[in-house]
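Below, read A as the first sequence line, B as the second, and so on, with proteins coming before strands; counting in each chain starts at 1.
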Amino acid sequence: MTRGSWSGARRPPPPCEVPMSLEEVKAGYAGQEVVVRGWMHACRRLAQVTFVLLRRGADVVQVTFTPEEAEAQLPRSLGHESVLEVRGVVAARAEAPGGAEVIRPVVRVLSAVSEAPPVVLHKREAQGSLGTQLDHAAVALRHPRRRAVFRLSAAAMQGFRETLGARGFVEIQTPKLVGGATESGANVFELGYFGQKAWLAQSPQLYKQMMVGVFERVFEVGPVFRAEPHATTRHLSEYVSMDVELGFIEDHRTVMATLREVMAGIMARLEASCGPELALLGVTLPQVPAVIPSITFEEAQAWIEAQHGVSVRGEPDLAPQHERWLGAWAQEAHGSDLLFVTGYPMAKRPFYTHPQPGHPTASNSFDLLFRGVELVTGGQRLHRYEAYEAALLRAGIDPAPLAGYLEAFRYGMPPHGGFAIGLERLVMQLCGLENLRWATLFPRDTHRLSP
RNA sequence: GGGUAUAUCGUUCAGCGGCCAGGACCCAGGAUUGUCGAUCCUGUGAGGAGGGUUCGAUUCCCUCUAUACCCGCCA
């Protein structure tokens, strides 16, 4: 059989067109016959007239029926979320939403729905608790407000990629199935792999470092997996990490400057692309200052003691409450939604962390707090092979499984560093959501593996 | 892993040692000459599981189960 004898190959495929938005239909086609398709968002039968609101994404167009037309075209059994194709005539009309409607409709039912959807979509706010909406995500996410959140996510990823692409960074994809040791003692998901053990990657850290030796500047957007049994509003077992790693840096401050550019680029993309979504959600984008205010870990601890009377001396990290306090302080003192905390103690940092020259117990690392929540962690990494040998020895980590990684350093690596932004946390804080799960399409946590 | 809290119609919340267990939303039926977060009327529909106290438990106590939040950890 030759390829040409396939019947499907003879006919050109239907064109892939950008669908005409319902707004376009309303604005530009008065008096013309059009075909509109969408979900039946609402149906109101009045004595003299019946209205069907057809939803397509965030757009809604009104289709108006006379009682006779409704009788003939709209089965009573047709429920919310039925998918319809309507041929009709666009008519300008002041009372209609958006100033126009489709009249003299001929309806073709593409998909009939006979039972009530599990969540209500035609109210201004999405109804139902978080758990209910997550259980019925396929439908709940259709709600314009839920949907808008994920348009912001998409634009944030786009802004991230654009900003880095314009600066010579190369996008990479590293494996999520990994063997051997992981970067730290964090809990990882174990799986079977052709008779041996494998793990789900808890971060692309080691791979993105290796790729600095290839491209110098790399980034990745992808899932990471944490088997920590945490149960909070800001942790998940799987989340999207927006990772960056770059070579030939001065120190961690080069990385911080890059992060500032990235944050500014993300906000610029959101502003340019997501006006309607930002307005719908009432979101105010943060200003990204030319220089993001910065405080050292030790200064932060001293400030916490002085201002809040909590003794945190000797603690290796800041608690969530402390980060909230610092976030509020950044807002008051600097008018900034963003705050860098630098110089975390080496003690609890991973083995590849670069110490602070002249202050070996502190590291060239930073966190970026966004409205009081830890959004980014980053820093300078070790880059000399001997430094890795010493660090692994000190940490008691067997270097054998890391041989493939260590080879990068054995054969020359520049001073480098990077960071990772939690996408869901970014969107959560942007939208003022009280739970990360509202910013996750299909969250995975200790209790939830489906849908 | 530690702590706290919660469990009632499909959903979201009330309430009470004797309740016809209430409201709102959804849904169903009806009404309204145009809705647009439609409105009005009517209707369907509920006490996580197992023990205990009590004349009587949806209510109080215990256990279990489930869930939520805080902490730890992180993004």
Side-chain angles (χ1 to χ4, degrees), chain A residues 41-53 60-67 76-77 79-80 91 93-101 103 113-136 139-140 143-145 183-187 202-205 223-243 315-324 344 348-350 367-370 373-378 419-429 434-437 439-440 445-448:
Chain A
H41 193 59
C43 177
R44 295 189 248 286
R45 290 174 193 266
L46 282 70
Q48 302 299 319
V49 64
T50 290
F51 302 107
V52 166
L53 297 182
V60 174
V61 72
Q62 175 168 290
V63 181
T64 303
F65 299 73
T66 64
R76 285 269 165 178
S77 58
H80 286 136
R93 184 163 182 125
E95 304 99 300
E101 62 188 0
I103 59 170
V113 174
S114 56
E115 54 182 324
V119 293
V120 179
L121 297 176
H122 60 272
K123 296 288 174 183
R124 183 171 291 177
E125 299 285 342
Q127 307 286 300
S129 64
L130 176 61
T132 303
Q133 290 197 37
L134 294 181
D135 286 342
H136 304 288
V139 178
H143 190 279
R145 292 184 71 102
E183 63 185 89
S184 69
N187 290 325
Q202 60 163 300
S203 113
Q205 177 64 32
V224 295
F225 305 90
R226 305 283 164 95
E228 301 288 341
H230 32 218
T232 79
T233 54
R234 55 189 192 289
H235 289 91
L236 291 172
S237 304
E238 175 179 358
Y239 69 93
V240 176
S241 183
M242 300 197 292
D243 266 90
E315 296 289 329
D317 202 356
L318 300 172
Q321 179 60 61
H322 304 154
E323 291 174 344
R324 287 191 282 272
Y344 284 84
K348 288 195 91 177
R349 292 273 144 173
D367 276 4
L368 181 66
L369 308 185
F370 177 27
V373 166
E374 195 173 317
L375 177 69
V376 185
T377 292
F419 57 86
I421 305 174
L423 174 64
E424 296 86 351
R425 282 204 184 169
L426 173 65
V427 174
M428 168 174 84
Q429 288 303 89
E434 76 275 18
N435 193 313
L436 192 62
R437 288 155 184 79
T440 310
D445 60 33
T446 52
H447 298 300
R448 190 173 291 275

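Using a 4.0 Å heavy-atom cutoff across all strands shown, L423(A) reaches no nucleic acid atom at all. Across all strands, S241(A) comes closer than 4.0 Å to no nucleic acid atom at all (heavy-atom distances). Contacts of H80(A) with the nucleic acid, taken as non-hydrogen atoms under 4.0 Å apart, involve only primed sugar atoms and P, OP1 or OP2. Residue T232(A) is classed as a base contact, given a heavy-atom separation below 4.0 Å to a base. Using a 4.0 Å heavy-atom distance criterion, D367(A) is classed as making no nucleic acid contact. Counting non-hydrogen atoms under 4.0 angstrom, R324(A) reaches the backbone sugars and phosphates but no base. When heavy atoms are screened at a 4.0 angstrom cut-off, A319(A) is found touching the sugar-phosphate backbone but no base atom. Using a 4.0 Å heavy-atom criterion, one finds that V376(A) contacts the sugar-phosphate atoms exclusively. Among the heavy atoms of the strands lying under 4.0 Å from L46(A) is at least one base atom, whether or not backbone atoms are also near.
We find that CD of Q62(A) is positioned 11 Å from P of rG37(B), with the value rounded to whole Å. The NE2-C1' distance, from H235(A) to rG1(B), rounds to 14 Å in whole Å. In this structure, L130(A) places its CG atom 14 Å from C1' of rU12(B), rounding to the nearest Å. Atoms CD (E125(A)) and C1' (rC26(B)) sit 17 Å apart, rounded to a whole Å. For the pair R44(A) CZ and rC40(B) P, the interatomic distance rounds to 14 Å; values are reported in whole Å. Rounded to an integer number of Å, the gap from CZ of R234(A) to C1' of rC70(B) is 9 Å. Following rounding to the nearest Å, N187(A) (CG) and rC74(B) (P) show an atom-to-atom distance of 12 Å. To the nearest angstrom, P of rA28(B) lies 11 Å from CD of E115(A).
Ion pair E95(A)/R93(A) flagged as a salt bridge, since at least one NZ, NE, NH1 or NH2 atom sits closer than 4.0 Å to an Asp/Glu carboxylate oxygen.
Here rG72(B) is the nucleotide among rC74(B), rG72(B), rC25(B) with the atom lying nearest to any side-chain atom of P229(A).
Under the stacking definition used here (centres under 5.5 Å, planes under 30°), the residue F51(A) fails to qualify as stacked on the base of rG34(B).
Figure legend: R425(A) and F370(A) shown without cation-pi pairing, the cationic atom not lying both under 6.0 angstrom from the six-membered ring centre and within 45 degrees of its axis.
Residues E101(A) and T64(A) bring a donor and an acceptor atom of their side chains to less than 3.5 Å of each other.
For R425(A) against rC74(B), a side-chain-to-base donor-acceptor contact under 3.5 Å is present.
Heavy-atom distances to RNA chain B give each of P117(A) and S237(A) a nearest nucleotide, and the one nearer the 5′ end belongs to P117(A). Between S114(A) and R93(A), the residue whose closest nucleotide on RNA chain B is further toward the 5' end is S114(A).
The backbone N or O of V113(A) sits nowhere less than 3.5 Å from a side-chain atom of E115(A) that would complete a donor-acceptor pair.
Across all strands shown, rG48(B) pairs with rC64(B); the Watson-Crick or G-U wobble distances both stay below 3.5 Å.
rC27(B) and rG10(B) are spaced 16 Å apart, taking the P atom of each and rounding to whole Å.
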